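Atoms within each ligand, like the ligands themselves, are counted from 1 in listed order. Values in this document were obtained by computation on a predicted structure and should not be read as measured data.
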Amino acid sequence: MRDPRYDILFTPVKIGPVTAKNRFFQVPHCNGMGHAMPLAHAAMREIKAEGGWAVVSTEECEIHPSSDLTPYVEARLWDDHDIPALALMCDKVHAHGALAALELSHNGPTASNLYSREVLLGPSHQVSKYGYPSQARAMTLHDIREYRRWHREAALRGKRAGMDIIYVYAAHDLSLPMHFLQRRRNQRSDEYGGSLENRVRLLREVLQDTRDAVGDTCAVALRFATEELLGPGGVELAEAQDIVGMLAELPDLWDVNLAAWYNDSVPSRFATEGAQEPFIDFVKKTTTKPVVGVGRFTSPDTMVSQIRRGVIDLIGAARPSIADPYLPRKIEEGRVDDIRECIGCNICVSGDMTISPIRCTQNPSMGEEWRKGWHPERIRPAPQPTRVLVVGGGPAGLEAARALGQRGHDVSLAESRKELGGRVTREARLPGLAEWARVRDWRVGQIGKLNNVSVYLDSPLTAQDVIDFGAEHVVLATGCHWRRDGFGRSNGLGIPGLADNPRVYTFDDLMNDRLPEGRVAVFDDDGFYYASVAAELLRARGCEVAYVTPEDSIAPWSVNTLDYRHIRKRMAKLGIEAIVSHNIAGFDGSTLTLENEWDEQRTERPCDAVVTITSRLPDDALYQQLLLRQGDWGGAGIRSVRCIGDAEAPGLIAHAIYAGHRYARELQEPVTGEVAFKRHFHTADPDDLRRETPA
Ligand code: ADP
Ligand code: SF4
């Protein structure tokens, strides 16, 4: 079944006292559920183990109240009360023959302690990163001994929970052993500061402590950042090479990457598969211990190449395992075409950043495993297969058709254009967004394997067409369009003079290759990626581009997907002028009038065209017409008409995929009440969790 070229991916790897059954390693990743939603968390990790990952890790795990990460929700092992939640995960992961790994972390000055109200700790006195306005105090030698004790006790608790691999964390600028390495955070003059040997001391001690505490049965992994791209104030490659040399054989496993998180989980717009290789390939040459690295690997050929060329031993993955928890099994079963490849959009990251459960554009079941009982591969067969008409072949329509087909319905998908994919096809042609097309390609590939789904291109349907079609259920996924008139967050009444101005362009115009020339103002009242993509496109076509926004920063929401810094750098590199805190007061086709949001001063500048990226309107005319003809439904055999995705309310691609999937899941299913999912309720008794743990 399996292509023999991929055999090497399925050879076991010994990691200290434990053995990974293959080379697929789900490295730690945040998920916004953590200690607050342990049942949801354990179910999500279980599906990864079921999907064939040999190792399934937690996210970072707070070891003490002085490392409280509030409001972010991560794992927690402050005392024995926190053990059952992680024991539940271990049991579920072990049930599928996988190893469970625990990433212990004390975040020092990068904790917040907003909940615990403890004083922050750091190598030296310094400002805090997340708990501001406050500072961390310099740790005394007593504090260092206490920290080592907390770490050791957390390791023992992890072992009691059933963990097979215990991490020492020195990555992402998020944990004390790394903070002691950084000159900008460590100005100590004692044996823990100054020389490299001294700055490495704490990391060496904690590795040794962990090995002494749990090393008889647990492997000790070191997660280590080899480069921060911050110059001499941060960990730099040359020094990292010395550090790896000093500690080469101390951990049982090296897990290496770039810091901070925005340099590690880089969006696909700014980094390709395997981009970390030049920063980590030295590690394997320096140690005999196995090495795991990440690179948003979705191609088994790339994975094999990494191993054969001696870059890494284990294929580390967070995002590829989120987009497709079954990735290893699909390779093993010779079903490489079925892999649902990550598109690098980082909507998964935005869950953690917005303190909400993880979501994934490609995998609508991510985060829904427990609360909705959704499985990424399996779906309940339809109780009574019936005829369903899906109108619109964008993400919502494609996912609805695919999942309805998987359930056994007789599905017809009508798309007015000559190509499928809707917005993802059109956006994927813009600079940096090529991987968006994977949303379409996976679904089109899956639909092609179903003989109960028919696709009709070049088929714009009218209300009469829908009524004549003879389907029992109709779902409209007809998308949306961008507004031209400036209506949006900052202009609830629109902007006078824009709507009918031929020199005003929308994001749809750009996707349709209707492009402005000369001096162009891209007006962003949306805050995510679109405006910077538009600016990049127009700059490449020779326009002089100004990025105008009423916000105090360009693309503020992109902080949540780790795009922000990369966008800013790219805009700066392309010479795109950023005009923040300014609204558009008027545009006559040659002069743009801007108004400062704070002092209301107006300024004028010559301008040949404005691109408005403010808000969208649903293309729901067909739905509205069908509602008006509800009297005709019965005679035509139509039992329901629904409108989903951007045609219901414009949103992210992730929203559209979820809407399509949900529609397919819920068709013909009984309504279960007002709340369509299970929730966690706080209990005073950790025994409740123990009862959920299978014996
Ligand atoms: P979503 O993100 O909600 O899936 P998209 O805009 O990506 O929305 O996709 C909507 C798709 O529906 C587009 O490809 C569009 O061409 C198609 N469409 C819109 N109206 C009709 C119609 N009346 N008949 C058939 N297809 C339509
Ligand atoms: Fe990949 Fe986007 Fe899914 Fe994250 S949300 S795993 S980046 S497809």
Side-chain angles (χ1 to χ4, degrees), residues 29-31 265-269 271 296 298 317-325 327 340-352 358-367 376 389-401 412-428 435-436 438-440 442-443 455-466 469 474-482 508 511 560-563 616-623 625-626 643-661 663:
H29 72 75
C30 302
N31 52 87
S265 299
V266 182
S268 60
R269 193 174 159 195
R296 215 162 48 78
T298 56
R319 289 173 291 175
S321 78
I322 294 167
D324 196 341
L327 184 149
R340 198 167 42 242
E341 290 181 285
C342 166
I343 70 166
C345 62
N346 281 4
I347 291 304
C348 50
V349 173
S350 76
D352 185 59
I358 188 166
R359 304 287 177 244
C360 171
T361 300
Q362 276 282 57
N363 174 12
S365 70
M366 181 47 54
L389 172 63
V390 180
V391 185
L398 282 174
E399 176 60 15
S412 302
L413 170 65
E415 163 56 49
S416 58
R417 292 174 183 249
K418 292 187 172 63
E419 58 185 9
L420 289 170
R423 64 176 287 188
V424 294
T425 295
R426 299 196 302 145
E427 286 187 29
E435 287 196 22
W436 271 210
R438 291 176 170 184
V439 171
R440 172 199 64 206
W442 182 76
R443 290 173 174 83
V455 176
Y456 303 93
L457 292 178
D458 208 4
S459 304
L461 298 194
T462 62
Q464 189 61 47
D465 294 333
V466 172
F469 193 83
V474 178
V475 57
L476 305 170
T478 46
C480 66
H481 64 274
W482 287 89
D508 292 305
M511 289 193 286
N560 295 315
T561 52
L562 308 176
D563 279 284
R616 291 173 280 173
L617 276 173
D619 288 332
D620 62 352
L622 183 57
Y623 180 56
Q625 287 156 15
L626 284 166
C643 181
I644 63 166
D646 287 335
E648 183 184 22
L652 299 170
I653 301 165
H655 292 125
I657 293 289
Y658 174 76
H661 192 80
Y663 174 82

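Looking at Ala477, Gly397, Ala621, it is Ala477 that brings a heavy atom closest to atom 10 (C) of ligand 1. Proximity annotation for atom 18 (N) of ligand 1: of Ala659, Ala649, Ser416, Ser416 comes nearest, heavy atoms only.
Numbered from 1 in the order shown, with element, the atoms of ligand 2 that lie under 4.0 Å from a heavy atom of Ile322 read 6 (S). Taking a cut-off of under 4.0 Å to the non-hydrogen atoms of Gly344, the atoms of ligand 2 that pass are 1 (Fe), 7 (S). The atoms of ligand 1 that sit less than 4.0 Å from any heavy atom of Ala414 are 25 (C), 26 (N). Interface atoms of ligand 2 facing Ile343, defined by a heavy-atom separation under 4.0 Å, are 1 (Fe), 8 (S). The Gly392 neighbourhood of ligand 1 comprises atoms 11 (C), 12 (O), 17 (C), 26 (N), with distances under 4.0 Å to a heavy atom of that residue. Ligand 1 places these atoms under 4.0 Å from at least one heavy atom of Ser459: 24 (N), 25 (C). In summary, the atoms of ligand 2 found under 4.0 Å from a heavy atom of Arg319, numbered by their order in the structure, are 6 (S), 7 (S). Near Pro460, the atoms of ligand 1 lying under 4.0 angstrom from a non-hydrogen atom of the residue are 24 (N). In the vicinity of Thr361, heavy-atom distances shorter than 4.0 Å reach the ligand 2 atoms 3 (Fe), 5 (S). Contact atoms of ligand 1 toward Gly645: 3 (O) (distance under 4.0 Å to a heavy atom of the residue). With ligand atoms numbered from 1 in the order given, ligand 2 contributes 2 (Fe), 7 (S) to contacts under 4.0 Å with heavy atoms of Asn346. Distances below 4.0 Å separate heavy atoms of Arg417 from the following atoms of ligand 1: 16 (O).
With Thr561 contributing its side chain and Asn346 its backbone, the two residues share no donor-acceptor pair below 3.5 Å. In this structure, Asp508 contributes its side chain and Trp482 its backbone to a donor-acceptor pair below 3.5 Å. Proximity of a side-chain donor or acceptor of Arg340 to a complementary backbone N or O of Ala323 within less than 3.5 Å is detected. Side chain of Glu399 to backbone of Tyr658: no donor-acceptor contact under 3.5 angstrom is found. A donor-acceptor pair under 3.5 Å is formed between the side chain of Ser459 and the backbone N or O of Leu457. For the pair Asp646 (side chain) and Gly651 (backbone), a donor-acceptor distance under 3.5 Å is present.
The shortest heavy-atom contact between Gly645 and Ala396 is CA-CB, 4.0 Å. Between Asp620 and Cys643, the shortest heavy-atom contact is CB-SG, 4.4 Å. Cys348 and Arg319 get closest at one heavy-atom pair: SG-CG, 3.8 Å. The two atoms that bring Gly344 and Glu435 nearest to each other are N-OE1, 4.3 Å, heavy atoms only.
Scanning all protein heavy atoms for the shortest distance to atom 11 (C) of ligand 1 gives Glu415 OE1, 3.5 Å. Atom 5 (S) of ligand 2 has its closest protein heavy atom at Cys348 N, 3.2 Å. Ranking protein heavy atoms by distance to atom 21 (C) of ligand 1, first place goes to Thr478 CG2, 3.6 Å. When hydrogens are left out, the protein atom nearest atom 3 (Fe) of ligand 2 is Cys360 SG, 2.3 Å; that is the closest non-hydrogen contact. Annotation: atom 7 (O) of ligand 1 to nearest protein heavy atom, Arg423 N, 2.7 Å. Among protein heavy atoms, atom 22 (C) of ligand 1 sits closest to Val391 CG1, 3.7 Å. Scanning the protein heavy atoms around atom 2 (Fe) of ligand 2, the nearest turns out to be Cys345 SG, 2.4 Å. At the shortest separation from atom 23 (N) of ligand 1 among protein heavy atoms lies Leu461 O, 3.1 Å. Annotation: atom 8 (O) of ligand 1 to nearest protein heavy atom, Gly479 CA, 3.2 Å. Atom 9 (O) of ligand 1 has its closest protein heavy atom at Gly394 CA, 3.4 Å.
Backbone and side-chain nitrogen or oxygen atoms of Ala396 are examined, and one is located within less than 3.5 angstrom of a nitrogen or oxygen of ligand 1. Ligand 1 has no nitrogen or oxygen under 3.5 angstrom from a nitrogen or oxygen of Leu622. For ligand 1, the polar-atom distance check finds an N/O of Pro395 within less than 3.5 Å of one of the ligand's N/O atoms.
Distance check: Cys360 SG to Met366 CE gives 7.0 Å after rounding to the nearest 0.5 Å. To the nearest 0.5 angstrom, Glu427 atom CD is 5.5 Å from Met511 atom CE. Summarising the geometry, atom CG belonging to Leu652 is positioned 7.0 Å from atom OG belonging to Ser350; distances are rounded to the nearest 0.5 Å. Taken from OG in Ser265 to NE2 in His29, the straight-line distance is 10.0 Å, to the nearest 0.5 Å. Here Thr298 contributes atom OG1 and Arg438 contributes atom CZ; the two are 4.0 Å apart, rounded to the nearest 0.5 Å. Within the model, atoms CZ of Arg443 and NE2 of His661 stand 9.5 Å from one another, a figure rounded to the nearest 0.5 Å.
Among Thr478, Val466, Val474, Leu476, the one residue that satisfies the side chain to side chain contact (heavy atoms under 4.5 Å, CB included) test with Leu461 is Val466.
Residue-level proximity to ligand 1 for Asp646 is carried by backbone and side chain together, each with a heavy atom below 4.0 angstrom.
Put simply, Cys342 stays out of reach of atom 4 (Fe) of ligand 2, with no N, O or S atom under 2.8 Å from it.
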